[in-house]
Amino acid sequence: MLAFEAALAKAEAVHGLILPDAARRIGVVCATFEPDLSQLRAATACDGVVVADLVKQLRKAVGSPFSDCVHLAATSQDVIDTSLMVRLKAVAFLLSNRLSNIAQAFDDLDARFGKARLMGRTRMQAAIAITVSDRLRAWRAPLEGYRDRLTEQRFLVQFGGAAGTLDKLQDKALAIRAALAQELGLSDEPQWQSQRGLIADLASLLSLISGSLGKFGQDIALLAQAGDEIELAGGGGSSAMSHKQNPVAAETLVALARFNATQLSGIHQSLVHEQERSGAAWTLEWLILPQMVMATAASLRLAFELTGNIRRIGAVKS
């Protein structure tokens, strides 16, 4: 959020809306500013958003004669949505790297065990013999597509002002928005404050990623149940049966997949924004999206760890 305020001041100075000295002062303060968090918490409980009190504190820190140049022509949603895009862009990079690591781990397993035989199963019943390569191919197949989608995902600046019209900027609005987007490394698009398809699309991708990893986890748990087709390290212990190594990571992948699938319906509910801005739909999005991001990141971490714990896969030769 502080990066947004500094970038906005810089963009507005470039286009003559505020003085360069004001932009420099705001940038210096934003780089080191530490808000009163207890005051922010109390104000957020009243205002429903953190930005109003954050801007109040920031203006005080910037001081005269430039305090009125802070947050000029912006609104709370501009700050929150744009900061969300900055954070999600970093998250997408992290998730993309984890997808690549898992795909490579599957390739390594294929090189070691790919020719070994497995019993292919359809509808939970033995069907025909397949190879480990066949199963690995099914696990790996969707991952590159997800990685490509994350890499190609556009993260948009949100800058619309009080009601999405940027009325205070008049003929400089588009140029300032473009400069703001460039400064933050985001794509420049018209305001999207009440159209949340971008968020829903990203949430859908998160659910797809965790869902595919859940399929991997389910298959590993079933292989462990059969007993002779996989050897795992790092299983969980049992309080009642000391001989057991429970496939905890595999089970967690299944749970996280189902969790994200359930949360996705809530994100679709949050698409329903009334008029130019919704407090209720926006708040619902805040409750759900962070949990989906964390669940997906955890799924990727656990899936990579699980591949490293496969000591053998495939039927033991008689």
Side-chain angles (χ1 to χ4, degrees), residues 84-85 87-110 113 132 134-153 155 198-225 230-237 245-270 284-311 313:
L84 174 64
M85 288 292 105
R87 286 174 282 139
L88 286 175
K89 185 177 180 180
V91 165
F93 182 77
L94 172 71
L95 301 186
S96 178
N97 283 342
R98 290 187 181 183
L99 281 164
S100 294
N101 291 339
I102 295 168
Q104 182 60 55
F106 284 151
D107 289 343
D108 293 343
L109 287 173
D110 197 11
F113 305 113
V132 170
D134 294 323
R135 185 66 62 80
L136 287 167
R137 193 176 303 114
W139 293 341
R140 190 188 189 284
L143 302 187
E144 288 187 355
Y146 299 152
R147 185 187 61 199
D148 290 345
R149 287 179 61 179
L150 284 170
T151 302
E152 296 164 1
Q153 179 77 38
F155 296 92
L198 171 67
I199 300 296
D201 283 344
L202 182 59
S204 178
L205 180 55
L206 297 176
S207 184
L208 288 169
I209 293 169
S210 59
S212 291
L213 297 177
K215 186 267 192 295
F216 165 55
Q218 184 72 87
D219 283 352
I220 291 294
L222 290 170
L223 285 167
Q225 180 186 49
I230 196 167
E231 182 180 337
L232 292 172
Q245 275 202 322
N246 295 318
V248 175
E251 293 170 330
T252 305
L253 288 174
V254 176
L256 290 169
R258 291 174 175 161
F259 174 84
N260 265 358
T262 302
Q263 300 311 305
L264 185 58
S265 66
I267 288 290
H268 286 165
Q269 292 283 355
S270 74
L284 179 60
E285 184 181 290
W286 299 344
L287 291 170
I288 297 172
L289 185 62
Q291 306 302 321
M292 293 190 70
V293 170
M294 289 190 288
T296 306
S299 292
L300 288 161
R301 174 178 56 80
L302 286 168
F304 183 67
E305 292 174 3
L306 184 55
T307 57
N309 286 333
I310 297 175
R311 296 289 178 260
I313 184 170

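The first residue of the sequence shown is numbered 1, and numbering continues consecutively from there.
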Practice task
Please check if the side chain of Thr151 supplies one atom and the backbone of Arg147 the other of a donor-acceptor pair under 3.5 Å.
Solution key: yes
Practice task
Kindly give the heavy-atom pair with the smallest separation between Gln269 and Leu284, and that separation in Å.
Solution key: CB-CD2, 3.9 Å
Handout entry: From CZ (Arg301) to OG1 (Thr296), nearest 0.5 Å
Key = 12.5 Å
For residues 87-98, which side-chain donor-acceptor pairs fall under 3.5 Å, sequence neighbours excluded?
residue : atom : partner : partner atom : Å
Arg87   : NE   : Ser83   : O            : 3.1
Arg87   : NH2  : Ser83   : OG           : 3.1
Lys89   : NZ   : Gly185  : O            : 2.5
Arg98   : NH1  : Ala297  : O            : 2.8

Problem - For the student: nearest non-hydrogen atoms of Gly217 and Ala250, plus distance - result: O-CB, 3.3 Å
Problem - salt bridge (Lys or Arg N to Asp or Glu O under 4.0 Å) partners of Arg140, counting only residues at least two apart - result: Asp107, Glu144
Completion exercise
Heavy-atom closest pair (Leu302 atom, Ala249 atom, distance to 0.1 Å) is CD2-CB, 4.4 Å
Problem - Expected output: side-chain Ser207 to main-chain Ser204 donor-acceptor under 3.5 Å - result: no
Practice task
Determine whether more than 12 heavy atoms belonging to other residues, nucleotides or ligands lie under 6.0 Å from atom CD of Glu305.
Solution key: yes
Handout entry: Nearest atoms (heavy-atom pairs only) where Asn101 meets Phe304
Key = O-CE1, 3.6 Å
Problem - Test log, rule side chain to side chain contact (heavy atoms under 4.5 Å, CB included), inputs Ile199 and Leu84 - result: CA-CA 10 Å; Ile199 300 296; Leu84 174 64; 3.9 Å; yes
Fill in the blank from the handout: Here the gap from Ser299 atom OG to Leu253 atom CG, rounded to the nearest 0.5 Å, amounts to 5.5 Å
Practice task
Please lay out, stage by stage, how Arg137 and Phe106 fare under the test side chain to side chain contact (heavy atoms under 4.5 Å, CB included).
Solution key: CA-CA 8 Å; Arg137 193 176 303 114; Phe106 284 151; over 6 Å; no
Exercise for the section: State which residues pass side chain to side chain donor-acceptor pair (under 3.5 Å) with Arg258; sequence neighbours excluded, sorted by chain then number. Expected result: none
Practice task
Identify the two heavy atoms, one from Ile267 and one from Met292, that lie closest to each other, and give their separation to 0.1 Å.
Solution key: CG1-SD, 3.9 Å
Exercise for the section: Flag the pair Ile310 / Ile220 as yes when at least one side-chain heavy-atom distance between them is below 4.5 Å, and no otherwise. Expected result: yes
Handout entry: Pairwise distance CG(Leu264) to CG(Leu206) - rounded to 0.5 angstrom
Key = 9.0 Å
Practice task
Keeping the roles fixed (side chain from Ser212, backbone from Ile209), state whether a donor-acceptor pair exists under 3.5 Å.
Solution key: no
Exercise for the section: Give the minimum heavy-atom separation between Trp139 and Lys215, together with the two atoms involved. Expected result: CD1-CD, 3.9 Å
Exercise for the section: Answer yes or no: is there a side-chain heavy-atom contact under 4.5 Å between Glu231 and Ile313? Expected result: no
Practice task
Mind checking the CD1-CG spacing from Ile102 to Leu213? Nearest 0.5 Å is all I need.
Solution key: 5.0 Å
Problem - CG on Leu150 to CD on Gln153, rounded to 0.5 Å - result: 7.5 Å
Handout entry: Spacing of Ile230 atom CD1 and Arg135 atom CZ [to the nearest 0.5 Å]
Key = 9.5 Å
Exercise for the section: Quick one: do Leu202 and Val293 satisfy side chain to side chain contact (heavy atoms under 4.5 Å, CB included)? Show the steps, please. Expected result: CA-CA 10 Å; Leu202 182 59; Val293 170; over 6 Å; no
